[in-house]
Amino acid sequence: MIKRRVFYSFHFDADSWRAATVRNIGMVEGNRPATDQKWEEVARGGDEAIMKWINEQMMHRSCALVLVGAQTAGRRWIDYEIREAWTHQKGLAGIHIHGLLDNFGYESHMGRNPFAHFTVADKHGNRYPLNSVIKCYNPPGYDSKRRYNWIRANLANVVEEAIRIRGQFP
């Protein structure tokens with residue numbers, strides 16, 4: 001199996017530690033995380049600069065993986081990343097990360113599915129809620145270690161399935 005290049009989408013302030021935990025698994029090649037300083041520099045450039053940065057980070061990626069925390073769904077830039085991934089025919093999937101520990105050793109609350117308020121059309125013009133097409137996984141297990149192990153064992157397959165599913169839509 002080839003190592004896929006993935007764009008990770010997540011709520012930086014709330015979930016950067018959990019996202020780093022997933023990114024460090026190394027089963028897929030992810031985009032380089034922005035440092036706080038780099039992100040502040042990009043953000044000072046306004047919306048156009050942020051969109052340009054996201055688009056450059058997403059370029060040459062085969063899949064966008066949304067790491068879903070308690071506050072991920074409905075965030076402006078997460079929504080932009082979801083739209084861009086779909087528009088540019090990239091695989092798209094979500095993984096709930098609320099069950100992973102943060103830097104203080106705490107789990108979080110499960111967030112809403114970030115794909116729920118989008119719709120897509122098939123080749124016949126039939127419209128579907130995006131969350132009926134795109135999978136958003138909730139890793140099983142009653143503790144952080146078991147959930148992490150599920151992500152580690154399944155991450156590459158999640159990405160491959162997301163790419164396969166995306167290929168079924170125009």
Side-chain angles (χ1 to χ4, degrees), residues 6-23 28 30-36 38-59 61-104 106-122 126-140 144 147-148 150-151 154-155 158-159 161-163 165-166 168-169:
V6 173
F7 177 87
Y8 286 101
S9 176
F10 57 94
H11 178 205
F12 186 85
D13 292 339
D15 294 316
S16 60
W17 188 276
R18 289 180 182 93
T21 300
V22 174
R23 297 165 70 99
V28 295
N31 54 305
R32 299 184 106 192
T35 63
D36 290 345
K38 177 63 177 172
W39 179 249
E40 288 175 15
E41 177 185 321
V42 170
R44 276 194 301 273
D47 290 356
E48 292 297 319
I50 293 171
M51 288 185 278
K52 181 179 185 277
W53 183 85
I54 290 169
N55 294 342
E56 288 172 354
Q57 295 297 308
M58 201 175 284
M59 191 179 305
R61 305 289 170 192
S62 53
C63 184
L65 187 59
V66 181
L67 302 177
V68 183
Q71 302 170 25
T72 304
R75 297 193 65 80
R76 179 180 181 197
W77 296 116
I78 301 290
D79 286 353
Y80 178 79
E81 292 161 353
I82 291 169
R83 278 191 303 275
E84 286 298 296
W86 187 264
T87 298
H88 295 287
Q89 300 186 342
K90 299 185 183 304
L92 185 60
I95 298 179
H96 287 278
I97 58 170
H98 66 285
L100 300 180
L101 301 180
D102 66 11
N103 54 322
F104 300 109
Y106 296 111
E107 293 181 7
S108 183
H109 299 288
M110 185 174 178
R112 294 178 291 121
N113 185 319
F115 309 120
H117 62 278
F118 291 94
T119 59
V120 295
D122 65 14
N126 300 315
R127 300 204 61 79
Y128 300 94
L130 187 58
N131 65 330
S132 71
V133 174
I134 299 302
K135 294 188 177 186
C136 192
Y137 299 87
N138 185 19
S144 181
R147 292 177 181 133
Y148 171 83
W150 185 92
I151 295 170
N154 292 283
L155 185 59
V158 166
V159 170
E161 184 173 31
I163 293 167
I165 289 170
R166 181 61 183 99
Q168 296 174 359
F169 286 82

Participant: Does a side-chain heavy-atom distance below 4.5 Å link Ile78 with Val66?
Facilitator: yes
Participant: Report yes if the side chains of Leu130 and Thr119 come closer than 4.5 Å at any heavy-atom pair, otherwise no.
Facilitator: no
Participant: Work out which heavy atom in Phe10 is nearest to a heavy atom in Leu67; give both atom names and the distance.
Facilitator: CB-O, 3.8 Å
Participant: Heavy atoms only: give me the nearest Gln89-Arg166 pair and the separation to one decimal.
Facilitator: CG-NH2, 3.4 Å
Participant: Which heavy-atom pair separates Ser144 from Leu101 by the least distance, and what is that distance?
Facilitator: OG-N, 3.2 Å
Participant: Roughly how far apart are Met110 CE and His96 NE2, rounded to 0.5 Å?
Facilitator: 3.5 Å
Participant: Would you say that Arg18 contacts Asp15 through its side chain, given a criterion of any heavy-atom pair below 4.5 Å between the two side chains?
Facilitator: yes
Participant: Quick check for you: to the nearest 0.5 Å, what is the distance between Phe118 atom CZ and Ile82 atom CD1?
Facilitator: 4.5 Å
Participant: If I compare all heavy atoms of Val158 with all of Ala93, which pair ends up nearest, and what's the gap?
Facilitator: CG1-CB, 3.9 Å
Participant: Can you tell me how the ring of Trp150 sits relative to the ring of Tyr137, calling it parallel under 30°, perpendicular over 60° and tilted otherwise?
Facilitator: tilted
Participant: Out of curiosity, Trp53 CH2 to Glu41 CD, how far, rounded to the nearest 0.5 Å?
Facilitator: 11.5 Å
Participant: Are Ile165 and Lys135 close enough that some pair of their side-chain heavy atoms sits under 4.5 Å apart?
Facilitator: yes
Participant: Considering only heavy atoms from C-beta outward, does the side chain of Ile134 approach that of Val120 to under 4.5 Å?
Facilitator: no
Participant: Working note: Trp17 + Phe104, criterion ring pair (Phe, Tyr, Trp, His ring centres under 6.0 Å); need CA distance, chi angles, decisive distance, verdict.
Facilitator: CA-CA 10 Å; Trp17 188 276; Phe104 300 109; 8.3 Å; no
Participant: Is any side-chain heavy atom of Tyr128 closer than 4.5 Å to one of Asn126?
Facilitator: yes
Participant: Can you name the closest pair of heavy atoms from Arg147 and Pro139 and give their distance?
Facilitator: CG-O, 3.6 Å
Participant: List the atom of Pro129, the atom of Ser132, and the distance in Å for their closest heavy-atom pair.
Facilitator: O-OG, 2.7 Å
Participant: Between Lys90 and Glu84 (salt bridge meaning N to carboxylate O under 4.0 Å), is one present in this structure?
Facilitator: no
Participant: Decide yes or no on side chain to side chain contact (heavy atoms under 4.5 Å, CB included) for Trp86 and Arg83, but give the supporting numbers first.
Facilitator: CA-CA 5 Å; Trp86 187 264; Arg83 278 191 303 275; 6.0 Å; no
Participant: Measuring only between side-chain heavy atoms, which start at C-beta, is Val68 closer than 4.5 Å to Cys136?
Facilitator: yes
Participant: Check this for me, if you would: do Asp47 and Arg76 make a salt bridge, where the nitrogen-to-carboxylate-oxygen distance has to be below 4.0 angstrom?
Facilitator: yes
Participant: What do the steps show when you test Ile54 against Phe7 for side chain to side chain contact (heavy atoms under 4.5 Å, CB included), and what is the final call?
Facilitator: CA-CA 9 Å; Ile54 290 169; Phe7 177 87; 4.3 Å; yes
Participant: Can you check side chain to side chain contact (heavy atoms under 4.5 Å, CB included) on Val6 and Leu155, steps first, answer last?
Facilitator: CA-CA 11 Å; Val6 173; Leu155 185 59; over 6 Å; no
Participant: Do the charged groups of Lys52 and Glu48 touch, with an N to O distance under 4.0 Å?
Facilitator: no
Participant: Quick one: pull up CD1 in Ile50 and CG in Asn55 and give me the separation to the nearest 0.5 Å.
Facilitator: 11.5 Å
Participant: Could you state the interatomic distance from CZ (Arg112) to CG (Asn131), rounded to the nearest 0.5 Å?
Facilitator: 11.5 Å
Participant: Given side chain to side chain contact (heavy atoms under 4.5 Å, CB included), test Leu100 with Glu107 step by step and report yes or no.
Facilitator: CA-CA 6 Å; Leu100 300 180; Glu107 293 181 7; over 6 Å; no
Participant: For the CD1 atom of Ile97 and the OG1 atom of Thr21, what is their distance to the nearest 0.5 Å?
Facilitator: 8.0 Å
Participant: Answer with yes or no whether the side chains of Asp79 and His117 bring together a donor and an acceptor at under 3.5 Å.
Facilitator: yes
Participant: Would you call Leu92 and Val133 a side-chain contact if the rule is heavy atoms closer than 4.5 Å?
Facilitator: no
